Amino acid sequence: MGDTLGPIYMGLDLSTQQLKAVVVDEKLNILQEENVQFDNDLPEFRTYGGVIQKKELPNVVQAPCLMWVKALDMLLDKLRVCGVDFARVKGISGCGQQHGTVYWSHGSGENLRNLSPDKFLHQQLANSFATSMSPIWMDSSTHEECKIIEDAIGGAEQLAEITGSKAYERFSGPQISKIYRTRPDVYKNTERISLVSSFVASLLIGDYAPIDWSDGSGMNLLDIKTKNWYENILDICAPNLREKLGETVSSYKNLAPISNYYVERFGFNEDCKIIAFTGDNPASLIGMRLKKNDLACSLGTSDTLFLWLDKPKRLTEGHVFCNPIDNDAYMALLCFKNGSLTRERIRDSAAGGSWQLFNELLDSTPRGNFGNMALYFDAKEIIPSLIGDHRFNKADEKISRYSSKEVEVRSLVEGQFIAKRAHAEDFGFVIGPNSRIIATGGASTNKTVLQVLSDVFNSPVYTLEVTNSAVLGAAYQAKHALHRNELTFEQITNSIPEPTLLCTPYNDADSIYKPMLERYRKIIARLLEENS
Ligand SMILES: O=C(CO)[C@@H](O)[C@H](O)CF
């Protein structure tokens, strides 16, 4: 697509497995995309799926924050090699995996403000972290901290009313509280705490960047109505926490010009503006330009469902976040930890690692899978809080294995989507004649899998031109933030193609899957009882 050589915008996404960049022109057409895959491109950090998890502590999941710094060094060099003219970049925004926290050590602010352009970032920031390992969203080791917070604030419902969620183990507040309680020296040596999103923004502005309202909603610390930290909860988690977090900003706040480090080292224009970074799921909402009757289904390392809310609502499970493009609106989100890595495990065990064979096996079994249904939780799932493989036959008797690979594959895919529909309906998503499911994320390129999604939800499934709506949303946010005074978000993004209809449900879908939804609810209740 012809480039008009006008201003360009950049989006960054620091996700679980990689750091991605996209460059778009004035009309938001994609000009370049690049990424750094942590496992393959930075093997010295010895991550698997971008994380470090030890067998003896399966609930503790972390990532080396210096790996993320080095990934930015590498990504900018890759973009320079593929010909991006950094001098044309008018604005950069970005996003990151939600809930993860970075602990900057004392003096790092000064270090950030004085970066030397003739050295790599990672060389200059190697000693800038009070702990080299950042807890991330896959961690589930803060059960005790969650209980302390909920008990102290008046219960799960009260916490959800204030912060948009009951206490969740992966959320930043419980994680910070765990650091304070179990590693007081680290907390004492911490000058600033960033989210993954504001951490990347800090690297780009050459100072500590504020946390935005949308990603900040995933911390159990922010009052989502006042958009301010909730002092009582800060005090419950750790002392002097407000000063370590800094103040919060709107998700489209123009933070500052890019640090001189990038002007000197990469040739960025000194007027290039850095816009607040946000969470990957809020950025996906931007990238998908979600409409009122849409349900977004992001099929990535985590699978998430999210939708636009005009006002907050109380949820027993799931989350309400501040909206990233409308300060008066909100978004609802459900997160399922066992997403692509679990699909890949069953692909490897049942289809020899081949997606083509996986799809053939899936296609060779009928909707409803002869009554078989299963749940596969490699890591402790968020909703429901269970771990392990749970296979059931048509009589709802638990069995250890299925007789055929075809049944195993379909039971994985149907089970993942039946769980999603059950919990989506529990949080108030109403499937109606105008419902659309907009699929994004790596698995949204697999039409065979999306057909099952369409059947289980009895709704049409649409996909976007590109699978990574988060990094695109970040690029859209960069332009939106700089032009919102003269143009609405819709006007700014109206040149982008509408989502494409990919799958529609079979006529018998609801008659097959509604009974399976009821079975799912009964099975979950039984499993939770057995595991309580
Ligand atoms: O925990 C999550 C959302 O609440 C995940 O979707 C992470 O953001 C994935 F990076």
Side-chain angles (χ1 to χ4, degrees), residues 12-20 35 38 47 49-51 53 59 61-63 68 94-102 134-142 146 160 163-175 195-200 211-212 214-222 224 251 277-288 296-307 315 317-322 324 330-342 379-383 385 416 420 423-424 427 440-444 468-471 473-474:
L12 294 173
D13 174 16
L14 179 48
S15 61
T16 313
Q17 301 188 49
Q18 55 185 324
L19 173 63
K20 293 162 250 186
N35 67 59
F38 303 133
T47 55
V51 307
Q53 196 171 4
N59 290 342
V61 187
Q62 305 167 315
W68 296 336
C95 61
Q97 52 180 295
Q98 294 193 258
H99 320 301
T101 40
V102 177
S134 283
I136 67 153
W137 66 277
M138 293 168 74
D139 185 283
S140 56
S141 63
T142 59
C146 287
T163 69
S165 303
K166 69 177 188 179
Y168 279 89
E169 292 165 331
R170 71 191 193 281
F171 273 38
S172 319
Q175 293 291 340
L195 288 178
V196 173
S197 55
S198 58
F199 160 75
V200 184
I211 290 170
D212 76 296
S214 199
D215 205 16
S217 306
M219 301 174 76
N220 279 144
L221 298 175
L222 186 78
I224 58 170
S251 303
F277 279 40
T278 191
D280 54 354
N281 295 293
S284 263
L285 179 130
I286 302 172
M288 298 169 87
C297 181
S298 176
L299 299 171
T301 311
S302 70
D303 287 350
T304 54
L305 294 177
F306 48 89
L307 48 84
L315 299 171
E317 287 290 1
H319 319 292
V320 175
F321 296 154
C322 298
Y330 294 83
M331 63 180 282
L333 180 131
L334 278 178
C335 178
F336 301 85
K337 190 183 291 186
N338 295 280
S340 61
L341 297 175
T342 303
K380 186 177 155 195
E381 191 45 89
I382 299 162
I383 310 170
S385 183
Q416 287 190 328
K420 287 175 179 59
H423 296 294
F427 87 19
T440 183
S444 68
N468 193 291
S469 52
V471 74

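For reference, positions follow the sequence shown, starting with 1. Indexing begins at 1, ligand by ligand and atom by atom, following the structure's order. Worth saying up front: this structure is predicted, and the values here are computed from it rather than measured.
The shortest N or O to N or O distance between Arg170 and ligand 1 is under 3.5 Å. For Thr16, no nitrogen or oxygen atom sits less than 3.5 Å from a nitrogen or oxygen atom of ligand 1, counting backbone and side chain alike. Residue contacts with ligand 1: His99 is placed with a nitrogen or oxygen under 3.5 Å of a nitrogen or oxygen of the ligand (distance criterion only). Residue Gln98 has at least one N or O atom closer than 3.5 Å to an N or O atom of ligand 1.
Taken from CG in Asn35 to CG in Leu19, the straight-line distance is 8.5 Å, to the nearest 0.5 Å. Taken to the nearest 0.5 Å, the SG atom of Cys335 stands 7.5 Å off from the CD1 atom of Ile383. Taking CG of Asn281 as the reference point, atom CG of Leu333 lies at 5.0 Å (rounded to 0.5 Å). Note: Met331 CE to Ile224 CD1 = 12.0 Å, rounded to the nearest 0.5 Å.
Within the 6.0 Å centre-distance limit, the rings of His319 and Phe171 are counted as a close aromatic pair.
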Worked check of side-chain hydrogen bond (donor to acceptor under 3.5 Å, both in side chains) between Ser251 and Asp212: CA-CA 5 Å; Ser251 303; Asp212 76 296; 2.7 Å; yes

Stepwise side-chain contact (heavy atoms from CB on, under 4.5 Å) check, Trp137 with Thr301: CA-CA 11 Å; Trp137 66 277; Thr301 311; 3.9 Å; yes

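Counting heavy atoms only, Trp137 comes closest to atom 7 (C) of ligand 1 of the residues Phe336, Phe321, Trp137, Tyr168.
Nearest protein neighbour of atom 5 (C) of ligand 1, counting heavy atoms only, is Ser302 OG, 3.4 Å. Shortest contact from atom 2 (C) of ligand 1 to any protein heavy atom: Cys335 SG, 3.5 Å.
Near Asp280, the atoms of ligand 1 lying under 4.0 angstrom from a non-hydrogen atom of the residue are 7 (C), 8 (O), 9 (C), 10 (F). Close approach of ligand 1 to Leu333 is summarised as follows: ligand atoms under 4.0 Å from at least one heavy atom of the residue are 3 (C), 4 (O). The distance from ligand 1 to the heavy atoms of Thr304 drops below 4.0 Å at these ligand atoms: 6 (O).
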